[in-house]
2 protein chains.
Amino acid sequence: MAALELFVTRGFAATKLADVARAAAVSKGLPYLYFKNKEELFKAVITEAIGGPLAEATDMIDRFEGSSEDLLRGLIAGFRTFEESPAGGVVKLILAEAGNFPDVARFFCTHFDARGRHLFARVLRRGTESGEFAPIADIETTAIVIVQPLAMFSVWRRSLAPFDASNNLTSDRFYEAHLDFVLKSLRP
Amino acid sequence: MAALELFVTRGFAATKLADVARAAAVSKGLPYLYFKNKEELFKAVITEAIGGPLAEATDMIDRFEGSSEDLLRGLIAGFRTFEESPAGGVVKLILAEAGNFPDVARFFCTHFDARGRHLFARVLRRGTESGEFAPIADIETTAIVIVQPLAMFSVWRRSLAPFDASNNLTSDRFYEAHLDFVLKSLRP
DNA sequence: CTCGGTATTGACTGACTGGTCAGTATCCAT
DNA sequence: ATGGATACTGACCAGTCAGTCAATACCGAG
């Protein structure tokens with residue numbers, strides 16, 4: 001959806017519905033035949049952007065069989081493809097607008113944030129139990145520490161990256177360094 | 001400044017100057033005697049919020065003598081006090097509004113983002129050269145991977161945290177897990 | 001107390017934008 | 001062809017808010 005891109009780059013309040021309409025090559029009134037108002041459009045855009053990728057990710061995990069390290073790699077790779085799709089912008093969008101849209105924030109928390117963290121925690125638990133990873137004092141929080149760079153990179157790429165003069169950080173380099181760093185920390 | 005808090009929780013566009021004035025217990029017109037317009041106020045708020053803490057941090061580093069691990073701890077602790085001060089909200093604010101305020105974004109990049117990363121990279125280099133840390137393939141990018149959870153946590157605390165049902169993550173637990181994780185990865 | 005100057009106010013305006021709706025285009029079944 | 005149903009348009013309205021400025025409060029010196 002064209003609306004998503006505008007919301008991501010400009011924010012909710014600064015995005016004019018006339019612009020959304022123009023970007024989608026329709027008239028100003030058309031969106032109102034499908035969405036009650038701007039806020040409903042916003043919610044629809046977000047839930048649509050999250051829904052698909054989330055479903056894919058969960059059953060990818062459920063069906064997985066192999067080493068915990070490979071599962072971790074798979075999970076991160078999965079996040080990357082989501083992040084690099086147009087839908088990846090929702091993370092930034094939601095973090096920015098959470099205060100103004102409590103129910104969107106809550107929805108995102110339970111259906112994406114918490115679930116995503118849980119998946120990583122599960123992998124860590126699996127790995128430590130099998131002895132593949134070293135023991136971890138606080139698994140839930142460690143999962144957060146692992147996920148946060150991914151989320152942050154997603155946000156950064158869509159906000160500061162274009163303005164960073166010393167911008168020689170490619171996605172490849174980042175994901176490589178991240179995985180390297182994480183695995184070093186996890187191995188016994 | 002009262003304006004900062006409003007900007008952080010609501011975003012730039014959604015913050016009415018009348019509210020800023022009310023929060024500061026002055027009349028609606030007063031800010032215009034000190035700032036040309038809303039955008040100038042915004043820039044002033046940000047530069048003020050960043051300026052002080054940044055100066056402190058840099059000369060804290062310059063004067064430091066001791067082990068690299070302690071320096072790293074000091075750096076993170078410094079970030080935490082900044083993060084927990086009212087000024088900590090600028091990170092979220094800038095990430096959200098970078099697209100609408102290119103020059104603010106550029107200013108933040110050069111004076112805070114890049115410099116902060118550089119400090120961490122310096123510590124890593126110092127540690128690897130002295131043999132205190134294991135060799136690191138890509139120091140600059142690794143520094144980013146270390147800093148990002150800190151930045152993300154700052155954003156998260158001010159956006160999703162209040163809506164997260166399973167919200168038993170305290171700052172203490174987070175910083176502890178982060179430091180533990182990082183040091184595990186760095187040690188030879 | 002008075003006067004000059006300065007700091008502050010808050011009603012007002014002009015521009016902008018979310019939302020409406022009477023009207024037009026398109027399409028399909030008969 | 002034609003009637004009607006459906007999809008879409010864009011001029012218009014009403015509300016909102018950044019920004020202005022004439023009027024007022026305040027203060028310090030003489």
Side-chain angles (χ1 to χ4, degrees), chain A residues 1-49 86 89-90 92-108 159, chain B residues 1-49 86 89-90 92-108 159:
Chain A
M1 183 76 96
L4 177 62
E5 198 179 335
L6 286 172
F7 281 140
V8 169
T9 55
R10 302 187 191 179
F12 174 77
T15 299
K16 295 170 247 183
L17 268 195
D19 291 344
V20 173
R22 184 141 31 88
V26 296
S27 78
K28 191 171 168 303
L30 187 56
Y32 288 97
L33 299 178
Y34 298 92
F35 308 100
K36 214 177 89 235
N37 53 33
K38 193 182 175 187
E39 186 168 333
E40 290 302 320
L41 169 66
F42 183 68
K43 292 182 192 174
V45 163
I46 287 182
T47 49
E48 191 208 8
V90 283
K92 177 191 162 188
L93 190 50
I94 286 173
L95 288 172
E97 306 290 349
N100 299 111
F101 301 95
D103 42 347
V104 172
R106 244 183 307 269
F107 178 85
F108 182 82
S159 56
Chain B
M1 184 76 95
L4 177 63
E5 198 178 336
L6 287 172
F7 282 140
V8 169
T9 55
R10 302 186 192 179
F12 174 76
T15 300
K16 295 172 247 183
L17 267 195
D19 291 343
V20 173
R22 184 141 30 86
V26 296
S27 76
K28 191 170 169 303
L30 188 56
Y32 287 97
L33 300 177
Y34 297 93
F35 308 101
K36 214 178 87 235
N37 52 34
K38 194 183 175 186
E39 187 168 332
E40 289 301 319
L41 169 65
F42 182 69
K43 291 182 190 173
V45 162
I46 286 182
T47 48
E48 191 208 8
V90 283
K92 177 190 161 190
L93 190 51
I94 286 174
L95 288 173
E97 305 290 350
N100 300 111
F101 300 96
D103 43 347
V104 172
R106 244 183 307 268
F107 179 84
F108 182 81
S159 57

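Chain letters run A, B, ... following the sequence lines, proteins first and then strands; every chain starts at 1. For the numbers below, each heavy atom of this structure counts, side chains included, while hydrogens, waters and symmetry mates do not.
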**Request:** Give the minimum heavy-atom separation between B:A14 and A:A13, together with the two atoms involved.
**Result:** N-CB, 4.1 Å

**Request:** For DNA chain D, determine which residues of residues 33-43 of chain A have any heavy atom closer than 4.0 angstrom to one of its atoms, and list them numerically.
**Result:** A:L33, A:Y34

**Request:** Check step by step if side-chain contact (heavy atoms from CB on, under 4.5 Å) holds for B:V90 and B:V8.
**Result:** CA-CA 7 Å; B:V90 283; B:V8 169; 5.9 Å; no

**Prompt:** Any salt bridge between B:D103 and B:R106, counting N to O under 4.0 Å?
**Reply:** no

**Request:** Could you tell me whether the side chain of A:E5 and the main chain of A:P86 form a donor-acceptor pair under 3.5 Å?
**Result:** no

**Prompt:** How close do B:L17 and B:L41 get, heavy atom to heavy atom, and via which atoms?
**Reply:** CD2-CD2, 3.6 Å

**Message:** Short of 4.0 Å, heavy atom to strand atom, which residues of residues 2-19 of chain B count as contacting DNA chain D?
**Reply:** B:T15, B:K16, B:L17

**Message:** Ring of B:Y32, cation from B:K38 - is the NZ or CZ under 6.0 Å from the centre and inside 45° of the axis?
**Reply:** no

**Request:** Kindly determine whether A:V104 and A:E39 satisfy side-chain contact (heavy atoms from CB on, under 4.5 Å), including the steps that lead there.
**Result:** CA-CA 10 Å; A:V104 172; A:E39 186 168 333; over 6 Å; no

**Message:** Ignoring hydrogens, what is the shortest heavy-atom contact between A:S27 and A:A21? Give both atom names and the distance.
**Reply:** O-CB, 3.5 Å

**Asked** Of A:T47, A:L93, A:T15, which is the lone residue that meets side chain to side chain contact (heavy atoms under 4.5 Å, CB included) with A:F42?
**Response** A:L93

**Prompt:** OH of A:Y32 versus C1' of D:dG10: gap in Å, rounded?
**Reply:** 14 Å

**Prompt:** First and last nucleotide of DNA chain C touching chain A, 5' to 3', heavy-atom cut-off 4.0 Å?
**Reply:** C:dT17 to C:dT20

**Prompt:** Going from CD on B:E97 to NZ on B:K92, what distance comes out if it is rounded to the nearest 0.5 angstrom?
**Reply:** 10.0 Å

